[in-house]
Amino acid sequence: MLKLKVQNFCLDSSINSGQFFRYNKIGDFYYIVLIDRVVKLKLEDGYLIIYSSNYNNLEDLIVEFFDLNTDYNKINKKLIEIDSNLKYIVDSCINFKILKMEPFETLVSYVISQNNSVNNIKNIVNKLSINYGEKILFENNEYYLFPTFDSIKDITLEELKNLKLGFRSNYVYELLNNIKTNKLDLDYIYSLNTIDAMNYLILNKGIGKKVASCVLLFAYKRYDVFPIDTWVKKIMGELFNISNEKKIEEFIKENYKEYSGIIIQYLFNYKRNN
DNA sequence: CCCCAGGTCGTCA
DNA sequence: TGACGACATGGG
């Protein structure tokens, strides 16, 4: 068991925020499939109580995944300074973190996410993992890692359709092919600035601005990008009477700059939970 | 039977 | 450029 002192951290809202799809809550504990292992954890009296199928380098992994070294108090203060009318939104997301997810998993998951519901995304990603991911035994139960690129690089279109990806089957199929032919290199993205990274991702069929934004925000920690989805459009219409996507983009970018992704994530959470 | 979900693409003006 | 329907599937 690993016990980790944490401050200003809400495990519930951070996991259950539509960012990450590989988790289950049983009793007080969350069971999450994190890269190469199963992690079971709960928050108790300011400590994370953590069990895992693999304790190697576990603390670093947890700190990185939950973004525990970023000073959100400072960021939140800035957000409120920019627009104090949104204080109640920021307050409602207090101790919420933007997760740092694995790029390949994030990319595939978010291609699947389009025009889909969080529950159904979870289902499909789980099915994909059960069929093609490595099996991990933990507490006498079977868990499945998200497939590596190698384990699904030769998947057929029909297999994808059988997993009920629907029209997204073609997108995932082509995406894997692009990685295979090195037309898409996920490591290359680290070297690109945000705008170039966005344009690079959008070259792939099935990846538009929204999916690319999610990938850059959730897997590459680019806080200056922000996904605009149906929930964000709704709340921006209600709060600011802005419904046009371009106008939303200009407004957020102009006001929130390098923290755009964080305020948008707060707005998304608030709208989805209320 | 309808509408909608962390959208994107192709087409048509 | 901008608007608009199609696209698979599951759930309300």
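Between A/F251 and A/F240, the ring planes are tilted. Angles from 30° to 60° get that label.
Considering only side-chain N and O atoms, A/K234 lies under 4.0 angstrom from the phosphate OP1 or OP2 of B/dA5. Checking the phosphate oxygens (OP1, OP2) of B/dG10, a side-chain nitrogen or oxygen of A/K205 falls inside 4.0 Å.
With no hydrogens or angles considered, no side-chain donor-acceptor pair links A/N123 and A/N126 at under 3.5 Å.
Annotation: cation-pi pair A/K40/A/F29 present, NZ/CZ under 6.0 Å from the ring centroid and within 45° of its normal. A cation-pi arrangement is absent between A/K97 and A/F66, since the terminal nitrogen or guanidinium carbon is not both under 6.0 Å from the aromatic centre and inside a 45° cone about the axis.
Within 4.0 Å of A/S17, counting heavy atoms only, lies at least one base atom of the nucleic acid. Using a 4.0 Å heavy-atom cutoff across all strands shown, A/N204 reaches sugar-phosphate atoms only and no base atom. Note on A/G206: only backbone sugar-phosphate atoms sit closer than 4.0 angstrom, heavy atoms only; bases stay farther off.
Counting only heavy atoms from C-beta on, A/Q114 has its side chain closest to B/dT8 among B/dT8, C/dC7, B/dG6. Ranking C/dT9, B/dT8, B/dA5 by closeness to the A/N120 side chain, first place goes to C/dT9. Of the candidates C/dC7, B/dG6, B/dC9, the closest approach to any side-chain atom of A/Y171 belongs to B/dC9.
If you measure from atom CD1 of A/I121 to atom P of C/dG11, you get 13 Å, rounded to the nearest angstrom. The distance from atom CG of A/N170 to atom P of C/dT9 is 12 Å, rounded to the nearest whole Å. Nucleotide B/dA5 holds its C1' atom 8 Å from the CH2 atom of A/W231, rounded to whole Å.
For A/Q265 and B/dG6, a side-chain-to-base donor-acceptor distance below 3.5 Å is present, hydrogens and geometry of angles not being considered.
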